[in-house]
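We're numbering straight along the sequence, starting at 1.
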Amino acid sequence: MILATATPADAARLTQFVNAAYRGDTARQGWTTEADLLDGQRIDKEGMLEMLARPGAAILLCQDESGELLGSFHAQAKGDLLYLSMLAVNPTGQAQGVGKFLLNAAEGYGRQHGCTTSRMTVISVRTELIAYYERRGYRLTGATEPFPTDPRFGIPKQPLVLLVLEKAL
């Protein structure tokens with residue numbers, strides 16, 4: 001596995017990759033699908049470019065030797081907090097260490113930027129995903145956030161709320 005950092009030139013490829021990992025029939029091939037929870041896309045190209053342009057942000061890429069994209073993860077350092085979002089792994093390549101590789105890389109990115117705490121949100125009904133992060137040291141804080149209402153991020157099929165998880169770095 002090779003670590004790289006996305007550039008704006010990667011936005012179209014990343015958008016297609018993330019949407020396939022999260023939504024639709026392709027996503028159903030993996031265990032992290034949101035296809036039964038949300039309709040629509042996970043992100044559009046403009047949203048991807050916005051994420052890449054945020055101060056302190058990077059989208060980390062996991063690629064194989066030929067440059068094929070295996071996974072991606074958004075990390076943003078803000079003071080002593082590292083915000084993580086949008087971990088995407090190719091659904092046919094899940095459970096092969098790509099997510100763990102990217103999580104470790106993202107936490108390293110945070111440490112390099114002086115972050116002492118890593119924070120993320122997970123949809124409350126995604127119990128298997130919450131358990132995955134808990135096995136990697138993340139803990140539920142008790143805080144919640146509303147699910148975004150912007151249809152650019154998907155259209156919920158049921159009421160959804162985001163749970164906040166944190167880990168000391």
Side-chain angles (χ1 to χ4, degrees), residues 1-35 37-38 40-78 81-113 115 118-123 126 128-133 135-138 147-148 150 152-154 162-167 169:
M1 288 184 258
I2 299 167
L3 182 66
T5 303
T7 69
D10 294 308
R13 171 175 83 135
L14 262 174
T15 300
Q16 182 179 7
F17 180 83
V18 169
N19 284 323
Y22 276 86
R23 310 279 162 77
D25 290 334
T26 304
R28 285 188 172 92
Q29 297 175 43
W31 67 273
T32 62
T33 182
E34 293 177 351
L37 301 173
L38 296 136
Q41 64 189 11
R42 171 59 180 83
I43 193 164
D44 58 19
K45 183 179 176 187
E46 293 74 25
M48 190 68 72
L49 288 168
E50 288 170 16
M51 292 180 84
L52 284 165
R54 290 178 186 160
I59 297 181
L60 305 175
L61 308 176
C62 177
Q63 302 176 129
D64 68 11
E65 301 79 26
S66 68
E68 181 182 346
L69 189 55
L70 305 174
S72 63
F73 206 5
H74 176 257
Q76 184 176 12
K78 285 184 172 181
L81 281 174
L82 172 68
Y83 293 89
L84 300 178
S85 64
M86 209 169 62
L87 174 60
V89 176
N90 181 330
T92 61
Q94 291 181 0
Q96 296 180 16
V98 173
K100 184 177 180 181
F101 174 84
L102 284 166
L103 183 59
N104 289 336
E107 290 171 354
Y109 176 87
R111 286 185 197 96
Q112 290 173 355
H113 287 82
C115 298
S118 179
R119 179 179 294 164
M120 67 177 70
T121 58
V122 177
I123 297 172
R126 299 293 316 281
E128 72 286 353
L129 191 54
I130 293 166
Y132 171 84
Y133 288 121
R135 288 191 302 274
R136 279 143 190 85
Y138 285 81
F147 191 84
D150 186 336
R152 290 189 324 159
F153 305 113
L162 299 172
L163 303 180
V164 179
L165 289 88
E166 287 186 352
K167 175 183 178 178
L169 292 179

First locate atom CG of Leu129, then atom CE of Met120, and finally report the distance between them rounded to the nearest 0.5 Å. 8.0 Å
Taking every non-hydrogen atom, the tightest pair across Met51 and Ser85: CE-OG, 3.5 Å
Rounded distance (nearest 0.5 Å) linking atom SG of Cys62 with atom CD1 of Ile2: 8.5 Å
Can you give me the closest heavy-atom contact between Gly56 and Tyr109, atom names plus distance? O-OH, 2.8 Å
Residues 82-91 vs salt bridge (Lys or Arg N to Asp or Glu O under 4.0 Å), sequence neighbours excluded, gives none
Establish, yes or no, whether the cationic atom of Arg136 lies under 6.0 Å from the six-membered ring centre of Tyr132 and within 45° of the ring axis. yes
Please check: side-chain N/O of Asn90 versus main-chain N/O of Leu70, any donor-acceptor pairing under 3.5 Å? no
Check the pair Leu102 / Leu87 against side-chain contact (heavy atoms from CB on, under 4.5 Å), numbers first and verdict last. CA-CA 8 Å; Leu102 284 166; Leu87 174 60; 3.9 Å; yes
Nearest-0.5 Å distance that lies between atom OH in Tyr133 and atom CG in Leu163: 13.0 Å
Derivation and outcome, side-chain contact (heavy atoms from CB on, under 4.5 Å), residues Leu82 and His113: CA-CA 9 Å; Leu82 172 68; His113 287 82; over 6 Å; no
Kindly say whether Phe101 contributes a backbone atom to a donor-acceptor pair with the side chain of Asn104 at under 3.5 angstrom? no
Mark yes or no for whether Asp64, through its side chain, and Glu68, through its backbone, hold a donor-acceptor pair below 3.5 Å. yes
Between the CG atom in Leu69 and the CG atom in Asp10, the distance rounded to the nearest 0.5 Å is 8.0 Å
Where do Ala58 and Thr5 come nearest, in terms of heavy atoms and distance? CB-CG2, 4.0 Å
Where is the tightest heavy-atom contact between Ala4 and Gln63, given as atom of each residue plus distance? CB-NE2, 3.7 Å
Evaluate His74 against Ile43 for side-chain contact (heavy atoms from CB on, under 4.5 Å), listing each step before the verdict. CA-CA 12 Å; His74 176 257; Ile43 193 164; over 6 Å; no
Smallest heavy-atom separation, Lys45 atom then Ala11 atom, equals CG-CB, 4.1 Å
Let me see the working for Leu84 and Leu103 under side-chain contact (heavy atoms from CB on, under 4.5 Å), right down to the final yes or no. CA-CA 9 Å; Leu84 300 178; Leu103 183 59; 3.9 Å; yes
Under a 4.0 Å threshold between the charged nitrogen and the carboxylate oxygen, would Arg152 count as salt-bridged to Glu50? yes
Supply the atom-to-atom distance Leu81 CG to Cys115 SG, rounded to the nearest 0.5 angstrom. 7.0 Å
Would you indicate whether the side-chain heavy atoms of Leu162 and Val122 approach each other to under 4.5 Å? no
Of all residues at least two apart in sequence or in a different chain, which pass the salt bridge (charged side-chain N to carboxylate O under 4.0 Å, His left out) check with Glu46? none
When rounded to the nearest 0.5 angstrom, what distance separates CD in Gln112 from CG in Leu169? 11.5 Å
Min side-chain heavy-atom separation Arg119-Lys78 under 4.5 Å: no
For Tyr138 and Ser118, the nearest pair of non-hydrogen atoms, with its separation, is OH-OG, 2.8 Å
